[in-house]
Amino acid sequence: MATESSEGEEEGKLTGGNQVLTVDDDLREMGKKAAWSVSSCKAGNGVSSLRDDNLDTYWQSDGAQPHLVNIQFQKKVKLQLVVLYVDFKLDESYTPCKISIRAGDGFHNLKDIKTVELDKPTGWVHISLSGNDPRETFVNTFMLQISVLSNHLNGRDTHVRQIKVYGPRPNPIPHQPFQFTSREFITYSSVR
């Protein structure tokens, strides 16, 4: 099991992971709208390996911890979920053990919003960005930073096979339960 902590809470532990990626229909993948960078990487195992939808490739860091993945957006976005694919069976000491997620406007003002401890995970690990308050269902940010603080078996470098970030799917009309797509239906969707 994973342990989570947000804004000063105690940490949580996550174990296992799902072999199949399942996400709610009201969420959409936001990673395509971002500029991705990493703190370091081995040749051929960079950012493109994190985003290629291939579970056989991976980002491999090359340097001292913490290992960082930076996700920067051109405009402020709402993010609700981070999903990582890690595989302890294949990667052993390269598998992340403790991960911190930070958010902010840029590198100058990042704040820890969630810390998670993983226990020998294999598969998709879901990390919710919502806070303790039920009204805090997402994080509104320009930048998200995923920091690998430690690895299993005291490993130095890390392997992360995939990362996906999800935000709420926008509703074109506020307080409208239906998702009309044509302009004509939207025109007649309310009564005067």
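As a basis for the values below, the full set of heavy atoms in this structure was taken, side chains included, without hydrogen atoms, waters or symmetry mates.
Here the side chains of P96 and V160 are in contact, with some heavy-atom distance below 4.5 Å. Residues L81 and L27 are in side-chain contact: their nearest non-hydrogen atoms beyond the backbone lie under 4.5 Å apart. When side chains are defined from C-beta on, K98 counts as touching T115, because their heavy atoms get closer than 4.5 Å. Within the 4.5 Å cutoff, the side chain of F138 has no heavy atoms near those of the L129 side chain. Under the 4.5 Å side-chain criterion, counting only non-hydrogen atoms from C-beta, H152 is in contact with K120. With contacts defined as side-chain heavy-atom distances shorter than 4.5 Å, the pair Q162/L84 does not qualify. Residues S93 and N154 fail the side-chain proximity criterion, which asks for heavy atoms closer than 4.5 Å. Using a 4.5 Å heavy-atom cutoff, the side chains of V23 and W124 are not in contact.
Y58 and V69 fall into different hydrophobic clusters, defined by Ile, Leu, Val, Met, Phe, Trp and Tyr side-chain heavy atoms under 4.5 Å apart, directly or through other members. Residues M30 and I163 share a single hydrophobic cluster, defined by chaining ILVMFWY side chains whose heavy atoms lie under 4.5 Å apart. L144 and F107 fall into different hydrophobic clusters, defined by Ile, Leu, Val, Met, Phe, Trp and Tyr side-chain heavy atoms under 4.5 Å apart, directly or through other members. Residues V148 and I101 fall into different hydrophobic clusters, defined by Ile, Leu, Val, Met, Phe, Trp and Tyr side chains chained together at heavy-atom separations under 4.5 Å. Connection of Y85 to Y166 is established within a shared hydrophobic cluster, with ILVMFWY side chains joined at heavy-atom distances below 4.5 Å, either directly or through further cluster members.
For the salt bridge (charged side-chain N to carboxylate O under 4.0 Å, His left out) condition, the pairs that include at least one residue of residues 82-96, sequence neighbours left out, are D91-R161. Sequence neighbours left out, the pairs with a member in residues 140-151 that pass side chain to side chain donor-acceptor pair (under 3.5 Å) are N70-Q145, R102-Q145, N151-T158.
Nearest heavy-atom pair, S49 versus N45, reported as atom, atom and distance to 0.1 Å: OG-CA, 3.8 Å. Of all the heavy atoms in W59 and G46, the pair that sits closest is CB-O, 4.0 Å.
Partner of S61 under the side-chain hydrogen bond (donor to acceptor under 3.5 Å, both in side chains) criterion, chosen from R156, H159, K42, H67: H67.
Judged by distance alone, with hydrogens and angles left aside, the side-chain atoms of D24 form no donor-acceptor pair with the main-chain N or O of D26 at under 3.5 Å. Although no hydrogens or angles enter the test, the distance criterion places a donor-acceptor pair under 3.5 Å between the side chain of S40 and the main chain of D62.
Residues passing the side chain to side chain contact (heavy atoms under 4.5 Å, CB included) test with A34, sequence neighbours excluded: W36, I71, F73. In this view, D53 and K164 satisfy the salt bridge (charged side-chain N to carboxylate O under 4.0 Å, His left out) rule, not counting sequence neighbours. With sequence neighbours left out, T57 forms a side-chain hydrogen bond (donor to acceptor under 3.5 Å, both in side chains) with D52. By the side chain to side chain contact (heavy atoms under 4.5 Å, CB included) test, F142 is found to be paired with K76, D105, residues two or more places apart in sequence or in another chain being considered.
With rounding to the nearest 0.5 Å, the separation of OG1 in T95 from CG in L90 is 8.5 Å. The CG atom of L68 lies 4.5 Å from the OG atom of S39; values are rounded to the nearest 0.5 Å. Note that the OG atom of S100 and the CD1 atom of I127 stand 10.0 Å from one another [nearest 0.5 Å].
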Go through L21 and V83 one step at a time and tell me if the side-chain contact (heavy atoms from CB on, under 4.5 Å) criterion holds. CA-CA 9 Å; L21 177 61; V83 185; 3.5 Å; yes

Between L149 and I99, does the side-chain contact (heavy atoms from CB on, under 4.5 Å) criterion hold? Intermediate values first, please. CA-CA 6 Å; L149 303 175; I99 294 174; over 6 Å; no

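Look at E29 and R51 and you find a salt bridge, because one of the NZ, NE, NH1 or NH2 atoms lies within 4.0 Å of a carboxylate O, short of that distance.
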